[in-house]
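What you see is a predicted model, and the numbers here were worked out from it, not measured in a lab.
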Amino acid sequence: RTLCGQGYYEISTLAFYADADLDALHLAEDALERRVIRLLNPITSNLTIMRPLLAPSMLNTVVENLKKGNNAGRLFELSNVYAPKELPVTQLPDEIPHLGFAAFGDEEDFFTVKGTVEALAEAFGVRFDYERAEDVPYLHPGISADILCQGKRIGCFGKLANDVTAELKLPKDSKTHQNIYLGEIDYVAFSELVNPN
């Protein structure tokens with residue numbers, strides 16, 4: 001309800017994507033997010049792994065909107081990401097709810113997205129602190145932040161990194177492609193810090 005009140009629309013994306021989606025975010029080969037569950041019989045070649053984070057799903061939705069001429073928007077998804085207990089998989093993975101959100105368009109900036117995060121904290125009666133995000137390769141290093149609650153890192157948000165943006169397949173006349181913001185919160189970690197009263 002809080003995000004809808006901030007002008008966000010809920011989306012629902014598939015729980016699968018491909019290694020290329022992680023490559024697009026410039027994740028290192030040894031990044032934890034590369035420890036993925038591979039499908040033995042994928043539906044298509046671009047749905048081969050179970051998603052370890054929501055950022056690629058959010059970004060793909062933003063790109064599709066821009067291609068269709070929707071030059072501004074706010075989107076969110078509360079959905080599971082999948083973490084294998086071991087590889088190769090011999091038991092069911094951990095299914096961890098994450099909250100992903102994206103904002104794009106000429107009117108969006110770091111502070112409009114921070115306002116969204118602040119509204120979320122207020123709605124749940126907690127306080128967030130912020131630190132410069134140092135290890136999120138797909139976010140601009142100077143325009144991104146880690147989200148901390150009671151000293152624990154629960155997520156991050158920021159502007160899409162310039163080198164990632166430059167590789168997106170977007171309409172040439174789209175100016176908004178320079179103004180894409182992504183965020184993601186580990187909803188389990190967040191919920192554990194919320195006062196149940």
Consider only side-chain N and O atoms of Ser57 and Glu77, and report whether a donor and an acceptor are under 3.5 Å apart. no
Is the shortest heavy-atom distance from the side chain of Tyr138 to the side chain of Leu59 under 4.5 Å? no
Cluster question for you: counting only ILVMFWY and a side-chain heavy-atom cut-off of under 4.5 Å, with indirect links fine, are Ile185 and Leu148 together? no
Flag yes if more than 12 heavy atoms outside Glu167 fall under 6.0 Å of its CD atom; otherwise flag no. yes
Which residue, Lys152, His98, Glu192, forms the side-chain contact (heavy atoms from CB on, under 4.5 Å) with Asp186? His98
Taking C-beta and beyond as the side chain, do Tyr181 and Asp109 meet within less than 4.5 Å on heavy atoms? yes
Got Glu95 and Tyr82 here, is their nearest side-chain heavy-atom distance under 4.5 Å? yes
Straight-line distance of Leu54 CG to Leu182 CG, nearest 0.5 Å: 10.5 Å
Within a 6.0 Å radius of atom CZ on Arg153, are there more than 12 heavy atoms belonging to other residues, nucleotides or ligands? yes
Ser144 vs Val136 side-chain heavy atoms within contact, under 4.5 Å: no
Grouping I, L, V, M, F, W and Y whenever their side-chain heavy atoms are under 4.5 Å apart, do Leu193 and Ile147 come out in a common cluster? yes
Using 0.5 Å steps for rounding, measure from the CD atom of Glu10 to the OG atom of Ser79. 9.5 Å
Look only at the side chain of Arg51 and the backbone of Leu14, and say whether a donor-acceptor pair between them is shorter than 3.5 Å. yes
Rounded distance [0.5 Å steps], CZ in Phe16 versus CD1 in Ile43: 6.0 Å
Looking at every non-hydrogen atom in both residues, tell me the closest pair between Ala24 and Val164 and how far apart they are. O-CG1, 3.3 Å
Between Leu160 and Val62, is any pair of side-chain heavy atoms under 4.5 Å apart? no
Show your working on side-chain contact (heavy atoms from CB on, under 4.5 Å) between Leu22 and Tyr17 and close with a plain yes or no. CA-CA 9 Å; Leu22 298 176; Tyr17 46 65; 3.9 Å; yes
Do Thr112 and Glu107 come within less than 4.5 Å of each other through their side chains, counting heavy atoms only? no
Below 4.5 Å, heavy atoms only, C-beta onward: do Leu3 and Leu78 meet side chain to side chain? no
Work out which heavy atom in Leu53 is nearest to a heavy atom in Val81; give both atom names and the distance. CA-CG1, 3.5 Å
Can you say whether the rings of Phe110 and Phe157 are parallel (under 30°), tilted (30 to 60°) or perpendicular (over 60°)? parallel
Counting only heavy atoms from other residues, nucleotides and ligands, does the tally under 6.0 Å from NZ of Lys169 exceed 12? no
Close side-chain approach of Ile11 and Met58, heavy atoms under 4.5 Å: yes
Using a 4.5 Å side-chain heavy-atom cut-off and chaining through intermediate ILVMFWY residues, the residues clustered with Leu40 come out as none
Do any N or O atoms from the side chain of Arg132 and from the backbone of Pro141 form a donor-acceptor pair under 3.5 angstrom? yes
Side-chain ion pair, Glu108 and Arg74, N-O less than 4.0 Å: yes
Separation of Leu47 CG from Leu39 CG (nearest 0.5 Å): 8.0 Å
